[in-house]
Protein chains: 2
Amino acid sequence: MNCGSKKLLRMSYLQRQSRINTRSDLMKELDKLSLENYKPLREIVFEHLREAIITGEIEPGERLMEIQLAENLGVSRTPVREAIRKLELEGLVIMEPRKGVYVSEVSITDVKEVLEIRVSLEGLGAYLAAERIKDDELQELLKKHEELNKSIKDRDVSGIVRKDTELHNIIFKAAKNDTLVDLIDGLMEQVKRFRVSYVSGHHKSSDLAKEHEKIICAIKNRNKEAAKKYAEEHIEIAKKYIVSDYNREKL
Amino acid sequence: MNCGSKKLLRMSYLQRQSRINTRSDLMKELDKLSLENYKPLREIVFEHLREAIITGEIEPGERLMEIQLAENLGVSRTPVREAIRKLELEGLVIMEPRKGVYVSEVSITDVKEVLEIRVSLEGLGAYLAAERIKDDELQELLKKHEELNKSIKDRDVSGIVRKDTELHNIIFKAAKNDTLVDLIDGLMEQVKRFRVSYVSGHHKSSDLAKEHEKIICAIKNRNKEAAKKYAEEHIEIAKKYIVSDYNREKL
DNA sequence: ATAACAAATATTGTATACATATAATAGCAA
DNA sequence: TTGCTATTATATGTATACAATATTTGTTAT
């Protein structure tokens with residue numbers, strides 16, 4: 001595993017210079033800005049490690065050693081440890097006290113469980129969105145839908161994945177339930193780690209388009225129950241493809 | 001705020017004695033046991049603080065200061081900091097970098113959001129339970145239901161709350177989705193912090209009994225859709241009572 | 001009195017030191 | 001060899017030291 005060039009992070013710490021005593025208003029303003037940008041090292045390390053785990057750069061089962069990570073990142077053990085505590089609570093790593101920390105494995109069972117839940121939550125999101133979406137959000141939704149269809153037509157896979165994610169995010173935002181958004185985000189982390197793409201290659205593009213169409217129409221027509229039903233169906237289908245992809249790969 | 005008698009925790013650290021070189025098998029066995037029981041200080045601190053926050057012993061908005069907490073608990077800042085990182089990820093505290101850590105506020109909006117989600121998840125739990133429950137789990141469920149009804153008949157409020165929680169837990173266990181269990185647990189923390197009891201005093205006992213009856217019958221009959229519907233209704237009603245309790249209190 | 005600045009203080013952020021436990025290795029007896 | 005103990009190395013757990021920032025207090029000039 002390669003965590004990037006050594007001492008990469010140290011700069012961001014040393015950059016912070018000591019106080020200048022008499023300063024202009026402009027300097028104060030600049031200072032305030034740089035403060036707003038300030039992130040503790042533990043945050044940087046946390047995000048870095050999370051990214052590395054989710055993308056698979058650090059593989060499941062691999063051990064995370066504090067000293068080694070600290071040296072690679074050019075920081076001390078303290079921020080690394082604090083970052084690891086958060087990863088632990090997110091379920092990305094497993095701690096065995098006094099033994100060490102290991103990147104947790106994601107089984108197909110875990111993914112099935114998560115998607116089972118996501119079926120419900122996506123249904124809820126669409127239901128609430130149909131109830132609460134505002135006009136400008138609806139416009140945004142329709143626009144994103146068109147963009148997605150264009151990506152589908154162009155067979156631009158990475159574009160499809162991106163636009164699809166954005167589309168779902170717009171719906172969740174429109175549902176006006178921040179807790180729901182956070183919950184989904186946390187859940188999907190597990191799925192992302194599982195190597196199959198969320199938008200399966202076998203999920204026929206034409207079907208995908210139709211499914212979205214139905215959901216969006218229902219939301220537009222403020223038909224809550226229909227929106228819920230179609231959204232649930234949509235994820236249910238995606239789930240089936242992911243599972244069958246997995247089985248295919250297992251052969 | 002009083003976090004208990006000073007130096008309370010230090011014992012658990014000092015208890016761990018240095019190694020005895022030649023030891024019997026029995027001693028090894030004892031050692032293994034004490035190891036399995038071993039919890040890092042950060043865990044103890046974490047659980048302690050979480051409990052204190054959930055019960056309201058530490059109030060929303062209150063500041064958590066590392067040195068003070070460490071002194072009160074008789075530990076150093078390190079385990080306290082690591083515990084706080086976890087509380088932060090759970091949303092129980094809010095961190096402002098370089099400023100401090102504050103116990104997060106729980107608004108009625110948050111509670112509404114959580115319960116909105118819980119309606120869906122409880123429905124999902126009952127649905128899956130109806131599909132997957134095993135005979136012994138069903139027996140356990142029926143037994144708990146009787147116990148709950150007894151508590152209701154006796155007007156034993158704390159008994160009702162306890163049995164109700166246990167009943168719901170049995171259903172979720174039967175759903176065979178561990179992720180779902182963890183998710184619900186995390187979510188309900190927020191509601192518990194909100195001072196209204198989850199089983200509202202205004203939720204008529206007779207209704208409560210009927211609602212449970214319907215859910216359990218549906219599960220028993222393996223009627224998934226009905227189980228889902230009744231479970232959703234049940235939480236929806238509870239949600240209404242909690243919200244109206246809140247409004248009443250606000251007067 | 002009050003605003004602005006400066007010094008002092010308290011608190012968080014980070015690094016390091018020390019203690020203890022686990023793992024790995026080597027030596028030794030049966 | 002095999003199994004045990006002793007030894008060493010390495011990693012984690014905890015405490016403390018140091019650095020930088022925020023906050024409070026105090027002082028001075030207006």
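Residue numbers begin at 1 in each chain, while the letters A, B, ... track the order of the sequences. If you're wondering where the values come from, they're calculated on a predicted model, not measured in any experiment.
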Colleague: For B:Arg81, which contact category applies under a 4.0 Å heavy-atom criterion: base, sugar-phosphate, or nothing?
Modeller: base
Colleague: Test of understanding: with side-chain contact (heavy atoms from CB on, under 4.5 Å), list the residues that count as partners of B:Glu51, not counting sequence neighbours.
Modeller: B:Thr55
Colleague: Is the backbone N or O of B:Glu59 less than 3.5 Å from a side-chain atom of B:Glu62, with the two atoms forming a donor-acceptor pair by type?
Modeller: yes
Colleague: Could you point out which residue of B:Lys143, B:Lys176, B:Lys144 forms a salt bridge (charged side-chain N to carboxylate O under 4.0 Å, His left out) with B:Glu137?
Modeller: B:Lys176
Colleague: OP1 or OP2 of C:dT20 versus the side-chain N and O atoms of A:Arg98: is any pair under 4.0 Å?
Modeller: no
Colleague: Reckon A:Ser76 has a side-chain N or O less than 4.0 Å from the OP1 or OP2 of C:dA15?
Modeller: yes
Colleague: Mind checking side-chain contact (heavy atoms from CB on, under 4.5 Å) for B:Ile67 and listing every partner two or more places apart, or none if nothing turns up?
Modeller: B:Glu71, B:Arg77
Colleague: Can you tell me the distance, in whole Å, between the NZ atom of B:Lys39 and the C1' atom of D:dT12?
Modeller: 19 Å
Colleague: Which residue, B:Arg63 or A:Lys99, contacts DNA chain C at a nucleotide closer to its 5' end, judged by nearest heavy atom?
Modeller: B:Arg63
Colleague: Measure from CG on A:Leu41 to C1' on D:dT21 and round the result to the nearest Å.
Modeller: 14 Å
Colleague: Can you figure out which of D:dT14, D:dT12, C:dT11 approaches the side chain of A:Met65 most closely?
Modeller: D:dT12
Colleague: Donor-acceptor check, side chain of A:Glu82 to backbone of B:Arg81, threshold 3.5 angstrom: yes or no?
Modeller: no
Colleague: Taking atom P of D:dT16 as reference, at what distance in whole Å does atom CD of B:Glu66 sit?
Modeller: 15 Å
Colleague: Looking just at side-chain N and O atoms, do A:Ser244 and A:Asn247 make a donor-acceptor pair shorter than 3.5 Å?
Modeller: no
Colleague: Rounded to the nearest 0.5 Å, what separates atom CD in B:Glu90 from atom OG in B:Ser104?
Modeller: 10.5 Å
Colleague: If you assign B:Gly100 and A:Pro79 each to the DNA chain C nucleotide with the nearest heavy atom, which residue ends up on the more 5' nucleotide?
Modeller: B:Gly100
Colleague: Would you kindly give the CG-to-P distance between B:Leu64 and C:dA10, to the nearest whole Å?
Modeller: 20 Å
Colleague: Of the residues in residues 89-97 of chain B, which ones touch DNA chain D at a heavy-atom distance under 4.0 Å?
Modeller: none
Colleague: Could you check whether B:Arg77 gets within reach of a base, just the sugar-phosphate, or nothing at all, counting any heavy atom under 4.0 Å?
Modeller: base
Colleague: What is the distance, to the nearest angstrom, from the CD1 atom on A:Ile84 to the C1' atom on D:dG13?
Modeller: 13 Å
Colleague: Rounding to an integer number of Å, can you tell me how far B:Glu43 CD sits from D:dT12 P?
Modeller: 16 Å
Colleague: Take atom CG of B:Leu73 and atom P of D:dG13, then tell me their distance rounded to the nearest Å.
Modeller: 19 Å
Colleague: In whole angstrom, give the distance that lies between atom CG of B:Leu69 and atom P of C:dA10.
Modeller: 17 Å
